[in-house]
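These notes are about the structure you will find just below.
Throughout, protein chains are lettered first and strands after them, A, B, ... in sequence-line order, and every chain is numbered starting at 1. Just so we're clear, the structure is a prediction, and the values are computed from it rather than from any experiment.
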Amino acid sequence: MTQTPQTRHDAAPTLPAQYQPGEVEQRRYEQWVSAGYFRADASSDRPPFSIVIPPPNVTGSLHVGHALDHTIQDSLIRRKRMQGFEALWLPGMDHAGIATQNVVERQLAAQGLSRHDLGRDKFVERVWQWKAESGGAILGQMRRLGDSVDWDRERFTMDEGLSRAVQTVFKRLYDEGLIYQAERIINWCPRCLTALSDIEVEHSDDEGELVSIRYGDGPNAIVVATTRAETMLGDTAVAVHPDDERYAHLVGTEVELPLTGRRIPIVADAHVDPAFGTGAVKVTPAHDPNDFEIGQRHGLPNLAVMDERGVITVHGPFEGLDRFEARPAIVDALREQGRIVAEKRPYVHAVGHCSRCKTTVEPRLSMQWFVNTGPLAKAAGDAVRDGRVKIEPAELAKRYFAWVDNMHDWCISRQLWWGHRIPVWYGPNGEVVCVGPDEAPPSGEGWRQDEDVLDTWFSSGLWPISTLGWPESTPDLAKFYPTSVLVTGYDILFFWVARMMMFGLYAMDGKQPFNVVALHGMVRDQYGKKMSKSFGNVVDPLDWIERFGADATRFTLARGANPGSDVPVSEEWCQGSRNFCNKLWNATRFALMNGATVAGELPDVTELSTVDRWILSRLQHVIAEVDEQFEAYEFAKVCDTLYHFAWDDVCDWYVELTKPTLAAGGPAAEATRRVLGHVLDNLLRLLHPVIPFVTEELWTALTQDETVMRAAWPSADGGLVDDAAEAEVGMLQRVVTEVRRFRSDQGLKPGQRVTARLAGLADAGIGAHEPLIRSLARLDQAGDEFSATATVAVAGGVTVELDTRGTIDVAAERARLEKDRAAALREAEQCRGKLGNAAFVEKAPEAVVAKIQTRLQAAEADLVRISAALEALPA
RNA sequence: GGGCGCGUAGCUCAGUGGAAGAGCACUCGCCUUACAAGCGAGGGGUCGCAGGUUCGAAACCUGCCGCGCCCA
């Protein structure tokens with residue numbers, strides 16, 4: 001076996017033929033962590049770049065939505081780190097009040113216990129115990145994904161420091177009158193037994209019933225329509241629109257409420273829609289927010305008829321019935337009395353559900369704590385309006401404004417035990433005292449603390465400041481606030497982003513919590529369908545990481561991530577991403593086997609071949625494009641650009657074009673080895689933010705350096721842009737592709753060599769590349785016995801005559817040429833049409849007209865050569 | 001009911017005024033010593049419909065049809 005010395009470098013590390021992510025990922029992650037690469041230093045001189053992670057629930061596990069969100073954040077952070085920023089990605093979790101309490105209550109229930117059996121202190125202790133033992137599984141899963149978060153700064157919303165932030169901001173808002181207590185209709189979950197804020201309620205169109213009931217008898221009878229017949233027990237009025245002439249004579253009279261015998265007034269209120277149902281509505285102030293407001297306006301009593309579990313508490317026969325049992329029972333009773341005028345079933349209408357447990361929400365009148373969001377929401381809107389905070393993509397700012405400009409006051413109290421307890425004490429004589437973090441609560445006989453805890457969003461709204469140490473003025477806060485960018489899904493723009501904006505601006509004297517909000521969409525399946533357990537199309541990112549690798553999983557997600565748009569993924573696409581990683585693996589493997597090097601400077605351009613100058617030029621464009629795309633949060637485009645550069649330019653062309661040079665050896669090979677090393681070095685750096693593991697493995701093998709994480713982010717060098725080289729290689733590619741097309745049409749085997757004569761190469765500017773063309777198109781030199789059996793006319797004036805030894809498939813060749821001729825004809829005609837249009841020539845920009853003229857000339861020249869080839873074909 | 005968005009190849013999506021694109025899928029031929037997780041070649045679209053603006057429209061305007069999301 002003969003071996004050219006230049007093609008075998010025994011000193012180079014050898015790589016297996018396939019990339020095995022499982023053997024790399026865990027080892028690399030541990031190295032990174034123990035080397036401290038993820039750590040950010042608040043005292044450094046480097047410019048800061050910071051991201052706080054949207055805190056996952058302590059009860060949660062990594063789902064594909066997290067994987068997307070984290071991939072984007074990690075890509076941003078890793079790139080900025082390479083660019084020389086002091087990059088901080090701060091991890092942590094929130095305590096997820098309702099969800100976590102539910103988890104532990106279920107465990108207790110399995111032992112036949114309720115939280116009340118334990119008592120508040122023991123229960124909370126138990127939750128902490130659960131958190132320590134099995135909470136936060138997601139943190140380990142984040143490591144699998146490769147998240148380069150600063151683990152030393154991990155935070156939890158219930159940590160002491162963060163709790164202090166909660167208490168501090170509560171006290172300040174309370175003292176300024178922006179937090180208040182009031183009896184209102186709030187959203188109540190009869191299963192979780194707590195109040196919910198508006199955003200914790202999901203509306204869906206459900207099938208219900210619309211029942212029309214006649215109240216009163218005789219001429220004064222009035223018919224009301226309702227979807228909630230069971231609440232009629234609590235009616236304290238009937239309302240009609242003041243301009244509704246049908247009922248004008250009844251306003252001010254009373255009517256007997258069926259089943260109860262109570263007499264209730266008929267009132268006029270502009271809120272009533274005269275077009276809905278009969279135009280008359282029952283008014284149940286204690287069980288409906290709109291009715292509550294009508295009741296306030298008319299001084300109606302609030303009569304509650306259900307308890308906290310949604311069980312009827314009044315009126316003998318119905319007492320003790322659940323609200324959904326009471327409804328048909330009451331309708332039946334009314335029907336027996338002949339009071340049901342109409343029933344519509346099913347009647348589809350919007351119904352609110354607890355976002356946590358899907359139980360139908362029950363509007364409930366109760367005393368709760370609220371934040372007056374008026375001034376806070378105004379500031380949150382203004383920060384975006386005046387450009388201090390940029391929302392990406394900008395179109396989604398409209399949604400943001402729609403929310404913050406119409407925000408209702410925020411119900412922040414929850415009837416739970418797990419969370420930040422409201423720092424308000426009540427005294428024996430009706431005193432109410434809000435206690436700040438450094439104050440001792442009032443003690444003595446008769447004082448007690450408010451039983452409720454705060455909404456989890458209250459503490460996660462403080463996340464960007466509390467995790468950096470607020471209310472203390474810490475070096476972290478000074479260095480990393482405002483954070484650079486917040487990355488999250490558009491679905492929580494109002495939930496969380498708006499709350500962080502309100503609190504950040506408020507607590508930091510108008511300084512915004514982040515400069516940019518980069519929004520991504522939801523992960524969907526390959527048909528654009530929402531992922532759902534019932535549909536069976538849910539992707540488990542850990543499963544993909546196992547089977548295809550973390551890089552493939554990340555690349556699949558990033559590649560689908562167009563700003564603000566949903567991200568479709570599928571297993572096949574993930575396989576494709578794995579294939580891409582393997583392609584990189586093998587390209588690097590080839591480079592190492594052929595002595596590619598990163599040692600020393602790049603040779604001067606005058607010493608480089610056209611092909612080397614071409615790939616370097618392409619690389620500069622790619623660097624510039626990728627930079628622009630990263631800055632615009634265009635992750636799909638980043639991936640697309642790099643994918644095509646790596647696969648098409650580097651692997652399919654550059655590597656193939658360098659093979660003859662490398663095999664030949666000599667100074668040309670030496671230069672090419674250096675360029676090949678340079679290109680891969682840069683390509684791997686560019687890809688590192690998205691696919692950190694495989695790039696680390698390959699880059700360290702290629703460079704013998706410590707880590708790509710610390711390598712500088714490439715910057716484009718305009719001096720290496722070479723239009724002439726790009727044009728030459730472009731031409732070369734067209735010739736090779738045309739010959740391959742001919743070969744394929746003729747059924748010639750890839751390995752079969754064909755003799756050929758090439759003409760017009762010099763005129764096309766690629767005279768020097770004949771050997772490369774022959775190598776890639778597998779064409780041998782024509783000898784004395786050469787006899788052309790076919791002619792391939794390449795656009796640009798190059799003609800290739802081939803001797804196929806009489807085995808030409810005339811029909812196939814004729815079909816090919818006729819197709820080409822038709823295309824050329826079409827092209828020429830199109831151009832002539834345009835140029836024949838006086839208005840076009842006159843009004844279109846000169847450059848456009850010139851381009852069309854050039855196209856016409858090219859098409860006409862092609863036509864001549866194609867026709868000649870056709871005529872030369874045997875009949 | 002109010003608002004926002006979308007309709008481009010079989011599927012998922014880029015393309016925002018000057019030659020219809022990508023990935024996957026499909027067809028044909030190949031184990032050509034980096035890679036079959038691969039290589040080469042190919043087929044496939046009156047850009048939802050109808051008007052309008054423009055020398056020129058997938059793109060801009062109007063209307064219609066269909067779909068999705070958010071809010072009430």
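Using a 4.0 Å cut-off between a side-chain N of Lys or Arg and a carboxylate O of Asp or Glu, A:Asp640 and A:Arg559 qualify as a salt bridge. The existence of a salt bridge linking A:Lys637 and A:Glu625 is excluded, since no basic side-chain nitrogen approaches an acidic carboxylate oxygen closer than 4.0 Å.
For A:Arg855, the salt bridge (Lys or Arg N to Asp or Glu O under 4.0 Å) partners are A:Glu827, not counting sequence neighbours. Applying the side chain to side chain contact (heavy atoms under 4.5 Å, CB included) criterion to A:Ala270, with sequence neighbours excluded, gives A:His241, A:Pro242. For A:Glu546, the salt bridge (Lys or Arg N to Asp or Glu O under 4.0 Å) criterion is met by A:Arg144, not counting sequence neighbours. Considering only residues two or more places apart in sequence or on other chains, A:Phe693 meets the ring-ring contact (aromatic ring centres under 6.0 Å, His included) condition with A:Trp32.
The partner of B:rG18, taking Watson-Crick or G-U wobble pairs whose two distances both stay under 3.5 Å, is B:rC55. In this entry B:rA9 has no Watson-Crick or G-U wobble partner, no candidate having both defining distances under 3.5 Å. Using the Watson-Crick or G-U wobble rule with both distances under 3.5 Å, B:rG42 pairs with B:rC26. Here B:rA34 sits opposite no nucleotide as a Watson-Crick or G-U wobble pair (both hydrogen-bonding atom distances under 3.5 Å). The base-pairing partner of B:rC4, taking Watson-Crick or G-U wobble contacts with both distances under 3.5 Å, is B:rG68.
For residues 571-585 of chain A, the set of pairs meeting the salt bridge (charged side-chain N to carboxylate O under 4.0 Å, His left out) definition, not counting sequence neighbours, comprises A:Arg547-A:Glu571. The salt bridge (charged side-chain N to carboxylate O under 4.0 Å, His left out) contacts involving residues 650-662 of chain A comprise A:Glu656-A:Lys659, where partners must be two or more places apart or lie in separate chains. Evaluation of the side-chain hydrogen bond (donor to acceptor under 3.5 Å, both in side chains) test over residues 829-854 of chain A, restricted to residues two or more places apart or in two chains, returns A:Arg832-A:Glu860.
You'll find that the side chain of A:Arg589 is closest to B:rA34, out of B:rA22, B:rA37, B:rA34. Which of B:rG42, B:rC55, B:rA22 sits closest to the side chain of A:Arg559 comes down to B:rA22. Distance from the side chain of A:Asn579 is smallest for B:rA37 among the nucleotides B:rA22, B:rA37, B:rC55. Here the side chain of A:Ala839 is nearest to one of B:rA41, B:rC55, B:rC39, namely B:rC55.
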All N/O pairs under 3.5 Å across the protein-nucleotides 17-21 of chain B interface:
unit_1	atom_1	unit_2	atom_2	d
B:rA19	N3	A:Glu827	OE2	3.4
B:rA19	N3	A:Arg855	NE	3.0
B:rA19	N3	A:Arg855	NH2	3.3

N/O contacts under 3.5 Å, protein versus nucleotides 9-14 of chain B?
unit_1	atom_1	unit_2	atom_2	d
B:rC11	O2'	A:Gln526	O	3.1
B:rU12	OP1	A:Tyr527	O	3.2
B:rU12	O4'	A:Gln526	O	3.3

Pairwise N/O distances under 3.5 Å, protein to nucleotides 4-6 of chain B:
unit_1	atom_1	unit_2	atom_2	d
B:rG5	OP1	A:Lys398	NZ	3.0

Listing time: all N or O pairs from protein to nucleotides 27-29 of chain B that are below 3.5 Å?
unit_1	atom_1	unit_2	atom_2	d
B:rG29	O3'	A:Lys749	NZ	3.3

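Nucleotides of RNA chain B nearest to A:Trp585 and A:Trp653 differ in position, and the one nearer the 5' end is that of A:Trp585. Between A:Thr737 and A:Tyr490, the one whose closest nucleotide on RNA chain B sits nearer the 5' end is A:Thr737.
Judged by the 6.0 Å distance and 45° axis criteria, A:Arg399 is positioned over the aromatic ring of A:Tyr490.
Less than 4.0 Å separates RNA chain B from no heavy atom of any residue of residues 675-684 of chain A.
In this structure, A:Lys344 places its NZ atom where only 12 or fewer heavy-atom neighbours from other residues, nucleotides or ligands lie under 6.0 Å away.
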